[in-house]
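Keep in mind that this is a model prediction, so the values were computed, not measured. Counting from 1, the numbers follow the sequence of the chain as shown.
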Amino acid sequence: MWQLDDITKYALLDSFDYPNAFTSADKTKSRREIIRKAAAEKISEEKIRNARYDAKWWAFRIYFHIKPRGTQAFDIENASKLVIDAFSKKTLEADQSPFKDRLALFEDDSIEYVRVIEIGGKPDQDSKTTVEIFYCLIEEEQDVQNEP
């Protein structure tokens with residue numbers, strides 16, 4: 001099990017909230033921009049530069065507060081994809097995002113760059129999403145897969 005709060009192996013880049021909780025249906029580019037804007041308002045450029053230098057790979061902890069919408073189900077795994085893609089250099093460039101130089105944390109959303117995604121959520125009166133971005137500090141051969 002990965003313990004993202006273990007400061008000997010992982011560092012928290014930062015956390016941020018954005019209003020609502022989106023799934024990756026349509027309007028994905030505009031929804032990724034909402035996520036990027038919230039991140040850019042909270043995370044300094046210096047922290048991002050330093051993290052890019054130190055990161056062996058990336059991890060995300062995402063928590064959704066979902067306002068019930070009648071019979072429309074919230075597809076939690078699709079919602080996490082929007083968050084991860086918001087920080088992919090490949091997607092930032094494809095979106096022609098104004099944040100492409102600042103928020104590109106990794107090349108692509110593949111396993112080489114993003115290895116842990118923790119997702120949770122609950123029904124709530126107001127919809128919002130909390131995102132924590134972590135990076136691994138240790139080399140792959142020292143990586144912890146399933147520690148007791």
Side-chain angles (χ1 to χ4, degrees), residues 1-24 28-67 73-148:
M1 198 71 186
W2 293 275
Q3 300 296 330
L4 295 177
D5 296 312
D6 180 348
I7 61 171
T8 66
K9 297 178 180 84
Y10 307 99
L12 175 65
L13 171 61
D14 215 323
S15 65
F16 64 94
D17 295 334
Y18 62 90
N20 218 324
F22 309 120
T23 60
S24 61
T28 55
K29 178 181 175 180
S30 63
R31 290 176 174 178
R32 283 191 296 267
E33 287 303 310
I34 290 169
I35 295 166
R36 291 170 181 144
K37 183 177 185 291
E41 289 173 355
K42 179 77 190 307
I43 308 170
S44 75
E45 290 184 56
E46 182 181 3
K47 280 178 99 173
I48 292 171
R49 271 194 309 275
N50 292 339
R52 280 187 197 130
Y53 180 78
D54 293 334
K56 307 304 180 210
W57 49 266
W58 298 87
F60 288 78
R61 182 183 291 146
I62 308 165
Y63 198 83
F64 300 100
H65 298 262
I66 310 301
K67 185 175 183 175
F74 183 78
D75 198 354
I76 198 167
E77 77 276 2
N78 284 345
S80 64
K81 177 149 182 56
L82 277 174
V83 174
I84 308 308
D85 284 349
F87 299 95
S88 158
K89 181 179 179 183
K90 180 179 170 181
T91 306
L92 280 152
E93 289 174 350
D95 289 349
Q96 297 179 333
S97 174
F99 300 106
K100 70 180 180 185
D101 295 326
R102 179 167 177 198
L103 292 179
L105 299 179
F106 39 85
E107 289 294 318
D108 199 3
D109 64 349
S110 63
I111 196 75
E112 291 81 16
Y113 303 105
V114 180
R115 298 201 184 163
V116 178
I117 304 168
E118 292 182 0
I119 308 169
K122 70 174 184 173
D124 210 335
Q125 292 301 313
D126 296 308
S127 290
K128 80 170 186 174
T129 303
T130 300
V131 178
E132 295 175 290
I133 304 174
F134 296 85
Y135 54 98
C136 184
L137 300 167
I138 58 176
E139 293 296 333
E140 190 171 329
E141 54 272 5
Q142 300 169 334
D143 194 6
V144 219
Q145 296 299 318
N146 288 311
E147 285 189 349

So which heavy atom on S15 is nearest to which on K42, and how close?
O-NZ, 2.8 Å
L13 and L105: CA distance, side-chain angles, deciding distance, side-chain contact (heavy atoms from CB on, under 4.5 Å) verdict
CA-CA 11 Å; L13 171 61; L105 299 179; 4.2 Å; yes
Aromatic contact between W58 and Y135, with the criterion being ring centroids under 6.0 Å apart: yes or no?
yes
Counting C-beta onward and ignoring hydrogens, is there a side-chain heavy-atom pair between D14 and F16 closer than 4.5 Å?
no
Identify which one of D109, I84, D85 satisfies the side chain to side chain contact (heavy atoms under 4.5 Å, CB included) criterion when paired with T91.
D85
Would you check if F64 and D124 make a side-chain contact, meaning some heavy-atom pair closer than 4.5 Å?
no
Option among K90, R36, K100, K89 that satisfies the salt bridge (charged side-chain N to carboxylate O under 4.0 Å, His left out) test with D95:
R36
A side-chain contact here means heavy atoms from C-beta on lying under 4.5 Å apart; do F99 and K37 qualify?
yes
Under 3.5 Å, is there a donor-acceptor pair between the side chain of K9 and the main chain of I138?
no
Interatomic spacing from OH in Y63 to CG in D17 - rounded to 0.5 Å:
12.5 Å
Hey, what do you get for OG (S88) to CD (E93), rounding to the nearest 0.5 Å?
8.5 Å
Nearest-0.5 Å distance, CD1 of residue I117 to OG of residue S80:
5.5 Å
Nearest-0.5 Å distance, CD of residue E45 to CG of residue L103:
8.5 Å
Inspect the surroundings of CD in E77 and state if more than 12 heavy atoms from other residues, nucleotides or ligands are less than 6.0 Å away.
yes
Exam field: side chain S127 to backbone P19, donor-acceptor pair closer than 3.5 Å:
no
Could you tell me whether the side chain of V131 reaches within less than 4.5 Å of the side chain of I35, counting heavy atoms only?
no
Side-chain contact test, heavy atoms from C-beta onward, threshold under 4.5 Å: evaluate it for D126 versus H65 and give yes or no.
no
With the side chain counted from C-beta on, respond yes when T28 and F22 share a heavy-atom pair under 4.5 Å apart, and no when they do not.
no
Working note: D75 + K81, criterion side-chain contact (heavy atoms from CB on, under 4.5 Å); need CA distance, chi angles, decisive distance, verdict.
CA-CA 11 Å; D75 198 354; K81 177 149 182 56; over 6 Å; no
Should the pair F87 and F60 be assigned to parallel (<30°), tilted (30 to 60°) or perpendicular (>60°) ring geometry?
tilted
Check: S110/E112 side-chain N/O donor and acceptor closer than 3.5 Å:
yes
